[in-house]
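See structure below.
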Amino acid sequence: MSEDITQDSSGFAAHARIDTTRPHSARFWNYFVGGKDHYEVDREIGDQIKGIFPGLVDVAHTSRRFLGRAVRYLAGEQGVRQFLDVGTGLPTADNTHEVAQRVAPDSRIVYVDNDPIVLVHANALLTSTPEGRTAYLDADLYDPESVLRAAAGTLDLSRPVALVILNTLGHVADYGQARDLVRRLMAGLPPGSHLVISDSTATSEGMIAASEAYNSSGAVPYHVRGVDEIAGFFDGLELVEPRVVRVPEWRPDGDGDGAAPVDAYGGVGRKP
Ligand SMILES: C[S@@+](CC[C@H](N)C(=O)[O-])C[C@H]1O[C@@H](n2cnc3c(N)ncnc32)[C@H](O)[C@@H]1O
């Protein structure tokens, strides 16, 4: 079952809120993962960054495959049936619900993003199996309690949930605040819940230069962090092996990933 949406919570058509005068993260990232939902302003900075640091294309593709493996692991080996995907981005191949419901058709997924273009395309995220359920929330990571309240319309928050936040926490400039937002989201989920995070890391000069170029483009800035800082998001959780590693190295399962010098780290942690 899926919830249809045509308008955002404020009642205005989401189309009217789309700003094509400056790059937006969801559209920029969609350009990097090979999607088709971007504007000239996103492609311009995208091409500039591909020139500075071609490795960002690998980050985009390997982190989507990391998402697939993490969700397959959670739905398969851990029996997780509920997913909360915050900073969803534009629909692309193998969205969270498609991966989860291939393993367990009764999985429920709530997507959360605050970009109007994601809202416009969100119906593509609402193609649930009949046994499962998907929903989309036009909501803000900076208000975790509201996200949890709204997610409870679809998810049973007394049962384990996997919170998925990929390539999004860099938008929160202050590291302490980013950790606090993650902590508050996890606080609303019961023991046995999981946290899945991956993010670009300041592990090469190319990535740092790419980040500087992006941040001077007029887009909402993105802060690439150190590996220790990515690992710090999992404090208080039991890290699943192989802990926090470069994303292609996280439990490769024959999808083409393996050891590769990609500037993105990720992991999965379990709430005890
Ligand atoms: C780089 S994209 C990542 C998309 C997807 N998670 C992936 O890894 O392919 C970052 C996403 O975070 C969303 N985002 C940024 N700030 C947000 C906020 N405060 N609340 C909700 N979503 C936000 C953006 O709109 C964008 O879709």
Side-chain angles (χ1 to χ4, degrees), residues 29 32-33 53 55-56 58-78 80 83-89 96 99-100 141 144 160-187 189 191-208 210-211 222-272:
W29 204 240
F32 270 80
V33 298
F53 180 53
L56 195 60
D58 299 325
V59 168
H61 286 273
T62 55
S63 54
R64 290 302 298 182
R65 289 197 290 270
F66 166 75
L67 170 68
R69 293 195 303 278
V71 171
R72 278 196 293 279
Y73 163 79
L74 290 168
E77 292 185 39
Q78 297 303 322
V80 175
F83 295 82
L84 177 59
D85 183 336
V86 179
T88 303
T96 300
V99 180
L141 165 66
V161 174
L163 170 64
V164 178
I165 317 181
L166 297 199
N167 302 303
T168 296
L169 287 165
H171 280 302
V172 183
D174 183 83
Y175 178 58
Q177 183 177 20
R179 278 182 61 141
D180 188 55
L181 294 171
V182 172
R183 185 193 57 72
R184 283 158 62 192
L185 284 168
M186 287 305 290
L189 307 178
S193 292
H194 287 77
L195 173 65
V196 183
I197 285 179
S198 81
D199 220 331
S200 297
T201 46
T203 38
S204 75
E205 284 179 12
M207 177 59 96
I208 293 167
S211 152
Y222 203 89
H223 303 273
V224 291
R225 302 204 145 99
V227 179
D228 287 356
E229 290 177 306
I230 306 298
F233 287 123
F234 296 95
D235 278 0
L237 305 179
E238 297 161 351
L239 267 171
V240 171
E241 290 299 329
R243 303 176 72 81
V244 174
V245 292
R246 291 184 195 269
V247 287
E249 294 169 8
W250 197 88
R251 293 181 174 244
D253 66 0
D255 61 359
D257 271 349
V262 171
D263 293 304
Y265 279 70
V268 175
R270 181 183 181 280
K271 183 170 176 173

Quiz prompt | Heavy-atom side-chain contact between N167 and S198 under 4.5 Å | solution = yes
Quiz item: Would you call V182 and R179 a side-chain contact if the rule is heavy atoms closer than 4.5 Å?
Solution: no
Quiz prompt | Between CD1 on residue I208 and OG on residue S200, distance to nearest 0.5 Å | solution = 11.5 Å
Self-check item: Contact check, side chains of L237 and R270, non-hydrogen atoms, under 4.5 Å
Solution: no
Quiz item: Would you say the side-chain atoms of S193 pair up with the backbone N or O of P191, donor to acceptor, closer than 3.5 Å?
Solution: no
Quiz item: Can you name the nearest heavy-atom pair linking Q78 to H194, along with the distance?
Solution: CG-NE2, 4.1 Å
Quiz prompt | Distance (rounded to the nearest 0.5 Å) between M207 CE and T201 OG1 | solution = 6.0 Å
Quiz item: Is there a side-chain contact (heavy atoms from CB on, under 4.5 Å) between L67 and V99 once you walk through the steps?
Solution: CA-CA 9 Å; L67 170 68; V99 180; 5.9 Å; no
Self-check item: Gap separating the CG atom of D199 from the CD1 atom of I230, nearest 0.5 angstrom
Solution: 4.5 Å
Quiz item: Between the side chain of H61 and the main-chain N/O of V59, is any donor-acceptor distance below 3.5 Å?
Solution: no
Exercise. Taking atom CD of E205 as the centre, report whether more than 12 heavy atoms of other residues, nucleotides or ligands fall under 6.0 Å from it.
Key: no
Practice problem: Only pairs at least two apart or in different chains count here, so list each side-chain hydrogen bond (donor to acceptor under 3.5 Å, both in side chains) that has a residue in residues 223-232. | Solution: none
Quiz prompt | Qualifying residues under ring pair (Phe, Tyr, Trp, His ring centres under 6.0 Å), relative to F32, sequence neighbours excluded | solution = F28
Quiz item: Just by modelled atom types, is the G258 backbone N or O under 3.5 Å from a matching donor or acceptor in the R246 side chain?
Solution: no
Self-check item: Under the salt bridge (Lys or Arg N to Asp or Glu O under 4.0 Å) test, residues paired with D253 that sit two or more places apart
Solution: R72
Quiz item: For D85, what residues pass the side-chain hydrogen bond (donor to acceptor under 3.5 Å, both in side chains) criterion, not counting sequence neighbours?
Solution: T96
Practice problem: Supply the atom-to-atom distance E238 CD to R243 CZ, rounded to the nearest 0.5 angstrom. | Solution: 10.5 Å
Self-check item: I165 side chain reached by L185 side chain, heavy atoms, under 4.5 Å
Solution: yes
Quiz item: Who passes side-chain hydrogen bond (donor to acceptor under 3.5 Å, both in side chains) against H171, sequence neighbours left out?
Solution: S25
Quiz item: Within a strict 4.5 Å, meaning less than it, do heavy atoms of the W29 and L56 side chains meet?
Solution: yes
Quiz item: Is the shortest heavy-atom distance from the side chain of V268 to the side chain of R251 under 4.5 Å?
Solution: no
Quiz item: Applying ring-ring contact (aromatic ring centres under 6.0 Å, His included), which residue pairs with at least one partner in residues 248-272 are found, sequence neighbours left out?
Solution: F66-W250, Y73-W250
